Amino acid sequence: MANCFPSSCSLVKIMLISIVAFVSVLIPTSDAAVKKYQFDVVVKNVSRLCHAKPIVTVNGMYPGPTVYAREGDRVIITVTNHAQYNMSIHWHGLKQLRNGWADGPAYITQCPIQSGNSYTYDFNITGQRGTLWWHAHILWLRATVHGAVVIMPQVGVSYPFPQPHSEAELMLGEWWNADVETIENQGNILGLPPNMSDAHTINGKPGPLFPCSDKHTYALEVEWGKTYLLRIINAALNDELFFAIAGHSMTVVEIDSVYCKPFTTEALLIAPGQTTNVLVQANQSPGRYFMATRPFMDAPVPVDNKTATAILQYKGVPTTVLPLLPKLPAPNDTTFADSYLDKLRSLNIAQFPANVPLTVDRHLFYTIGLGANPCTTCLNGTRLTASLNNITFMMPKIGLLQAHYFNTKGVFRLDFPDKPVTPFNYTGAPLTANLGTSMGTRLSKVAFNSTVELVLQDTNLLTVESHPFHLHGYNFFVVGTGIGNFDPVKDPAKYNLIDPPERNTVGVPTGGWTAIRFRADNPGVWFFHCHLELHTTWGLKMAFVVENGNGPEQSVLPPPKDLPLC
């Protein structure tokens, strides 16, 4: 037919031509704008799954408001806390160059915003465009306190792929019928994992497969023959998620706000903290099609395996038409997960190069472990913990960046080990004895502008499990990954140093390892942690102190006058 829409393969060809054309265009400069937002943290009653409860929100919205800006803009967001909890907001993936004061993790770069107080996050968006997000970075409040960050290219700059007709954000999340902080506290008291979520959500709504949820279903209206850009964000606390659309393939064009080589897929995998942009062609028979998400878990760990749905609604089709369900990968489909992740490659064109460090100044090797420490008040006499290099991170009482900047003594130590003190067979038989960990606020000092390679090694302490790790203040290149124990002689020879995916959050495979590289050119104190909220709570975290370089342009900016006090 003359008017039939191109196939997904044709779309990739069109995109590659578009990339070539894009490179040849001289990009005009434009004056940066100032974007201002007011975030009021308030409690609002919300009903889901036949249960009503008060939740913490920003501006009464769940999910919260989307922050829109352009590359090069200055963004000023004043957060006023009207809730009973302390609050801080992290702008996930924004590099905050020399400006860790705007990064947001409580007790790392700031003291939290206490009830009745305000703090203004003031930052520039430099060299970044795409989809990121913001979320609470204290307790488990990000379950409901989160929203998208959409950074458009500079004026006059097009996407390096065909311009979509329209765009939409899809935030994948979790819902608990009970109060999330109560559930977290119960788990801490018992020394055990808290109750898992009661549903997954898409834009705060679980979809019609859950009770009392027909009206709590997100629908995206599309017109036949048009192409849509979906900005997908995994805001779930504890679950890696598959996502698919019935009858429609997706073309992946960006991950973690970095353009990637386009490829088509029937489903995608996205870990907590990650973002993925896809193009979808509305080229199927006009109807109603479910968009669906459910967890990926290939380890013996219980998860909320329920499927959340939203609807891709063709214009003019009655809402009485029953939607079709997509075929999602099986919950433990490691083969699909590995195949999907192997396809991720940086775009690596002249305008958007992959500046992979080819030489390494500092080699780091961190083991990821679960453990158990004595606890006389806990249910089994022990408290489950987590550690890097057998160190369970203890949160300080004041912000680490403040302590570093003002040279406050006694807050942290700079002796986090570059490698495990005691090597062992990391991914051998499950280890269930000698599970105690060392506790401390121990940081790693990194020289300014040095190149760092960090190998993250999963272990079978209690159990192997996949862990998504997020580095604040930086993107990094995922140069290698594998199953089993990392071999420092053989494995680096297999690294991709040409077009590896560039991310801010990466999954370490179950019973395997991941190697990342970055250049430490952003001075400050930068949090590094598992983005499974449960494991972060248990201590699976640390921080880097990146030293100042030469002169003020390579040094941490002075703190703002309204920086919260502890």
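Every value quoted in this text rests on a predicted model; they were computed, and no experiment measured them. Quick note: residue numbers are just sequence positions, from 1.
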Test item: side-chain donor near acceptor, [X] and [Y], under 3.5 Å:
X      : Y      : result
Asp361 : Thr451 : yes
Glu502 : Asn475 : yes
Asp239 : His200 : yes
Asn373 : Thr437 : yes
Thr131 : Asn277 : yes
Ser346 : Asp499 : no
Asn460 : Thr427 : no
Glu240 : Ser466 : yes

Could you tell me whether Arg519 and Asp521 have a side-chain N and a carboxylate O separated by less than 4.0 Å? no

Determine yes or no for a side-chain-to-main-chain donor-acceptor pair under 3.5 angstrom, with [X] supplying the side chain and [Y] the backbone.
X      : Y      : value
Asn203 : Met171 : yes
Asn504 : Gln274 : no
Ser115 : Ala83  : yes
Arg362 : Val452 : no
Ser438 : Asn390 : no
Arg142 : Ala236 : yes
Thr481 : Trp513 : yes

Would you check if the distance from the ring center of [X] to the ring center of [Y] is below 6.0 Å?
X      : Y      : value
Phe528 : Phe476 : no
Phe518 : Phe477 : no
Phe296 : Phe336 : no

Would you give the length of the straight line joining atom [atom1] of [X] to atom [atom2] of [Y], rounded to the nearest 0.5 angstrom?
X      : Y      : atom1 : atom2 : answer
Gln402 : Trp101 : CD    : CH2   : 6.0 Å
Tyr474 : Leu97  : OH    : CG    : 9.0 Å
Trp91  : Tyr121 : CH2   : OH    : 7.0 Å
Leu269 : Phe242 : CG    : CZ    : 5.5 Å
Leu192 : Leu379 : CG    : CG    : 5.5 Å
Ser444 : Leu414 : OG    : CG    : 8.0 Å

Which atoms form the tightest heavy-atom contact between Arg442 and Phe416, and what is the distance?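 Taking every non-hydrogen atom into account, O-CD1, 3.5 Å.
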
Minimum heavy-atom separation for Pro193 and Leu384, please, with both atom names.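 What the structure gives for the nearest pair is CD-CD1, 3.6 Å.
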
Can you find a pair of side-chain heavy atoms, one from Lys419 and one from Leu364, that are under 4.5 Å apart? no

State, yes or no, whether a side-chain contact exists between Phe365 and Pro420 at a heavy-atom distance under 4.5 Å. yes

Disulfide (SG to SG under 2.5 Å) contacts in which one or both residues fall within residues 397-488, not counting sequence neighbours: none

Which residue pairs satisfy the disulfide (SG to SG under 2.5 Å) criterion with at least one member in residues 368-449, sequence neighbours excluded?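 Sorted pair list: Cys375-Cys378.
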
Look at the rings of Tyr426 and Phe424 and say which category their plane angle falls in: under 30° parallel, 30 to 60° tilted, over 60° perpendicular.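 Ring orientation of Tyr426 relative to Phe424: perpendicular.
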
Intermediate values then yes/no, side chain to side chain contact (heavy atoms under 4.5 Å, CB included), Met196 and Asn238: CA-CA 9 Å; Met196 67 184 68; Asn238 295 309; over 6 Å; no

Pair Trp538, Ser387 - check side chain to side chain donor-acceptor pair (under 3.5 Å), show working. CA-CA 8 Å; Trp538 286 355; Ser387 66; over 6 Å; no

When you look at Arg517 and Val360, which way does the side chain to side chain contact (heavy atoms under 4.5 Å, CB included) test go after all the steps? CA-CA 8 Å; Arg517 287 187 181 183; Val360 175; 3.5 Å; yes

Could you list the residues that satisfy ring pair (Phe, Tyr, Trp, His ring centres under 6.0 Å) with His472, not counting sequence neighbours?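 For His472 the ring pair (Phe, Tyr, Trp, His ring centres under 6.0 Å) partners, ignoring immediate neighbours, are His90, His137, His470, Phe527, His529.
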
Lys/Arg cation over aromatic Trp175: Lys53, 6.0 Å, 45° cone: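 Geometry flag: set, cation within 6.0 Å and 45°.
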
Reference residue His92; test side chain to side chain donor-acceptor pair (under 3.5 Å); the match among Asp103, Thr275, Thr505: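 Of the listed residues Asp103, Thr275, Thr505, the side chain to side chain donor-acceptor pair (under 3.5 Å) partner of His92 is Thr505.
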
